[in-house]
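See structure below.
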Amino acid sequence: MKFAPVAVSVIAMSLAACTSAQAEPVASAPLAPVASEDPYPMTPAGAAAWVAMVEKDLFDFSVEFGRVSWINSTYIMHDSDALAAKYGAVATEKSVAYANKAAEYARVAGLDPEVARKLDILRNGIVMPAPVRDGAATELNEIATSLNSQYGKGKGTLNGKEISGSDIEAEMGNPERTPAELAEMWTSWHDNVGAPMRGDYLRMISIANEGSKELGFKDLGAMWRSNYDMDPDQFAAETERMWQEVKPLYMALHTYVRSKLNEKHGDAVQPATGPIRADLLGNMWAQEWGNIYPLVAPAGAGDIGYDLTDLIEKKGVDEVGMVRVGEDFFSSLGFKELPATFWERSQFVKPQDREVVCHASAWDIDNVDDLRIKMCIKKNADDFITIHHELGHNYYQRAYNQQDYLHLNGANDGFHEAIGDMVALSITPEYLVQIDMLDPKDVPSADKDIGLLLRQAMDKVAFLPFGLMVDRYRWGLFDGSIPADKLNAGWTDLRLQYQGITPPVARDESKFDAGAKYHIPGNVPYTRYFLARILQFQFYKAACDQAGWEGPLHRCSFYGNEEVGKNLNAMLEMGASKPWPDALEAFTGERQMSGKAMVEYFAPLMAWLEEQNKGKPQGW
């Protein structure tokens with residue numbers, strides 16, 4: 001996956017960082033009763049006092065809600081579902097009530113700038129707002145909880161035998177599987193998990209759209225886009241600008257991979273022109289293609305000299321040991337070690353006695369230092385990298401834990417996603433030698449750089465259009481440009497437009513293929529992951545510059561550099577207390593998110609791909 005719940009979200013707005021479906025808006029008890037004299041008058045002082053009351057209420061509620069959400073995610077059963085739905089409803093009612101009141105206070109003249117910013121956070125931060133009518137919050141959260149549980153218990157089939165969600169993800173990346181087996185897994189997962197959600201999902205977003213309009217937004221998509229310190233339409237344009245900066249790289253990669261899949265499977269399975277079949281790319285959602293690297297790696301240049309999954313196995317590193325390796329990276333930068341409770345309370349492996357949500361996530365239950373990750377770790381390269389990603393959330397959460405409640409979050413949600421990924425970029429061969437996982441004699445020489453970059457691009461670059469289109473799909477549902485009777489066609493069309501991907505079998509409107517991706521039924525805004533792919537390279541380049549790195553950017557590792565750690569912490573501890581351009585500038589010296597660092601990182605690969613693609617049609 002990738003995202004982790006942050007208790008902040010729990011309430012701060014939908015369990016802000018929490019990626020759980022229940023991670024809905026936050027709430028608390030009813031607004032304080034009004035005495036004969038209103039303690040919170042419509043004055044600057046009254047607004048400040050009201051915000052302070054709300055922050056105290058939401059902080060306290062978030063801790064209890066976070067514990068309920070944790071239990072529901074790690075012990076799926078009727079009773080935990082019921083509790084999660086109940087608390088989610090309270091959270092939604094609370095956050096909607098506070099959002100509406102915040103909109104009133106926002107009109108008061110002479111507000112302290114800090115108070116005005118917090119009022120905006122309260123109004124803009126709810127992920128799934130319910131309208132104020134009776135029963136709406138309860139219905140919304142019952143549906144959200146049900147969808148989350150349905151996803152967690154979802155099954156597909158392989159050779160006619162039932163297979164769990166985490167196992168099917170692993171098998172989709174198994175290069176030994178035949179196209180027929182891949183098509184079976186893809187189809188069964190989408191049919192069994194997505195299709196049954198169709199009606200409930202449409203009902204849920206109808207309720208939330210109604211709630212967003214009551215808060216004064218054009219629709220729920222506009223509300224989501226209002227959380228980036230700029231106009232919603234301006235933000236959409238910014239993401240499009242960044243996509244255009246990196247799109248040529250994706251197009252070149254798509255052309256190259258399609259030609260290799262055609263060589264492997266033939267025209268009957270994968271034609272040499274047009275879109276790529278979605279199930280052939282090593283991932284259930286074709287969002288990252290690294291699992292098929294061996295199929296597309298060219299002789300010589302494609303051999304990077306080692307396999308991280310093999311190294312993990314040869315070193316005998318178990319699941320918890322993999323997490324300790326990730327902790328060590330942050331320790332090398334000067335961050336203090338994780339608390340003992342992290343090791344006692346986290347879920348590292350899938351329990352055998354119950355259903356759980358395996359989707360990886362990071363949690364801060366008490367908004368201080370009850371840090372945890374929730375994973376079903378498998379001893380492979382993907383989960384090794386995911387662990388670094390999730391720990392990035394945890395270290396960010398701890399860095400800003402001295403901020404006021406409404407600032408207990410990343411500068412924007414892309415920042416939260418990018419921190420761990422920036423560290424993961426430092427998982428270079430040289431780093432693996434430093435931590436005694438790779439023998440120095442096995443470090444690939446410079447002539448293997450294309451292989452190293454191609455392997456990275458198969459995940460980092462391949463993800464970009466998917467990261468962008470998931471929310472563009474939902475924005476279309478929210479504003480009506482994708483009508484309910486085109487729910488599935490809208491998804492398939494956007495995947496074709498942005499990714500150049502097509503399903504392995506015909507799909508119709510009895511399906512809901514988007515629901516087979518966790519973040520859709522889980523109501524997790526997804527643009528953050530696109531931003532994270534961009535920002536991680538921007539952060540990484542800044543860290544390498546600060547470390548005095550002089551070689552090719554992709555060979556840089558800042559492991560062990562406490563100066564970088566000090567500068568990074570200075571940005572992290574700001575949390576959401578300042579607009580994101582201020583936080584970006586604090587670490588990188590730049591105020592605009594940009595794909596230029598990513599383009600620089602992959603420049604040698606781009607030149608190589610253009611050479612390989614000569615004479616081949618680009619696009620679909």
Side-chain angles (χ1 to χ4, degrees), residues 1-10 12 15-20 23 62-63 66-67 69-70 73-74 319-349 357-377 383-403 405 407-411 413-427 524 528-529 532 535-536 539 559 564-565 568-576 583:
M1 111 158 219
K2 287 127 188 191
F3 184 22
V6 182
V8 141
S9 320
V10 168
L15 222 315
C18 211
T19 10
S20 305
S62 73
V63 175
R67 289 176 176 144
S69 299
W70 175 265
S73 290
T74 59
E319 294 85 354
V320 174
M322 291 167 66
V323 181
R324 291 198 179 276
V325 172
E327 178 192 39
D328 178 66
F329 195 111
F330 288 91
S331 296
S332 82
L333 300 180
F335 291 91
K336 68 178 182 179
E337 65 185 16
L338 292 165
T341 53
F342 172 87
W343 305 101
E344 298 163 2
R345 300 171 185 173
S346 292
Q347 173 186 293
F348 298 117
V349 298
V357 176
C358 278
H359 186 81
S361 53
W363 302 60
D364 179 5
I365 300 294
D366 66 355
N367 303 321
V368 183
D369 61 3
D370 188 353
L371 305 168
R372 311 177 190 181
I373 62 170
K374 176 185 60 61
M375 292 183 65
C376 298
I377 298 172
D383 280 5
F384 186 82
I385 293 168
T386 296
I387 286 165
H388 285 76
H389 173 95
E390 299 304 338
L391 291 181
H393 287 300
N394 285 145
Y395 282 94
Y396 204 164
Q397 290 160 346
R398 187 166 64 181
Y400 58 55
N401 67 10
Q402 297 302 305
Q403 294 289 345
Y405 179 78
H407 293 157
L408 294 176
N409 213 338
D413 51 12
F415 276 62
H416 233 300
E417 295 300 326
I419 297 304
D421 283 347
M422 171 191 73
V423 169
L425 286 174
S426 264
I427 301 176
V524 181
R528 62 182 60 165
Y529 301 111
L535 283 169
Q536 65 187 260
F539 291 159
Y559 175 80
V564 170
L568 177 61
N569 191 63
M571 176 179 73
L572 301 185
E573 65 186 7
M574 293 169 68

Side chain [X], main chain [Y], donor-acceptor under 3.5 Å:
X    : Y    : result
K374 : W70  : no
Q536 : A532 : yes
Q347 : M375 : yes
R398 : K336 : yes

Can you find a pair of side-chain heavy atoms, one from [X] and one from [Y], that are under 4.5 Å apart?
X    : Y    : answer
I427 : F384 : yes
M571 : I419 : yes
D370 : R345 : yes
N394 : I373 : yes
E417 : H389 : yes
I377 : V323 : yes

We want to know whether [X] and [Y] form a side-chain donor-acceptor pair, criterion being a heavy-atom distance below 3.5 angstrom.
X    : Y    : value
Q397 : D364 : no
W363 : S361 : yes
Y529 : D413 : no

Could you give the distance from [atom1] ([X]) to [atom2] ([Y]), rounded to the nearest 0.5 Å?
X    : Y    : atom1 : atom2 : result
H388 : L425 : NE2   : CG    : 11.0 Å
D421 : S426 : CG    : OG    : 12.0 Å
D366 : S62  : CG    : OG    : 9.0 Å

Would you please test Y559 and D328 for side-chain hydrogen bond (donor to acceptor under 3.5 Å, both in side chains) and show each step? CA-CA 9 Å; Y559 175 80; D328 178 66; 2.6 Å; yes

Worked check of side chain to side chain contact (heavy atoms under 4.5 Å, CB included) between I387 and F348: CA-CA 10 Å; I387 286 165; F348 298 117; over 6 Å; no

Please report the closest heavy-atom contact between [X] and [Y], naming both atoms and the distance.
X    : Y    : answer
A399 : L572 : CB-CB, 3.6 Å
P339 : D369 : CG-O, 3.3 Å
F335 : G565 : CZ-O, 3.9 Å
S331 : E337 : OG-CA, 4.4 Å
L338 : E327 : N-OE2, 2.8 Å
D383 : C376 : OD2-O, 3.8 Å

Is the gap between the ring centers of Y400 and H416 under 6.0 Å?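 Between Y400 and H416, the centre distance is under 6.0 Å.
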
Given the side-chain rings of F415 and Y396, with only the six-membered ring counted for Trp, is the space between their centroids under 6.0 Å?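 Centroid distance F415-Y396: not below 6.0 Å, so no.
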
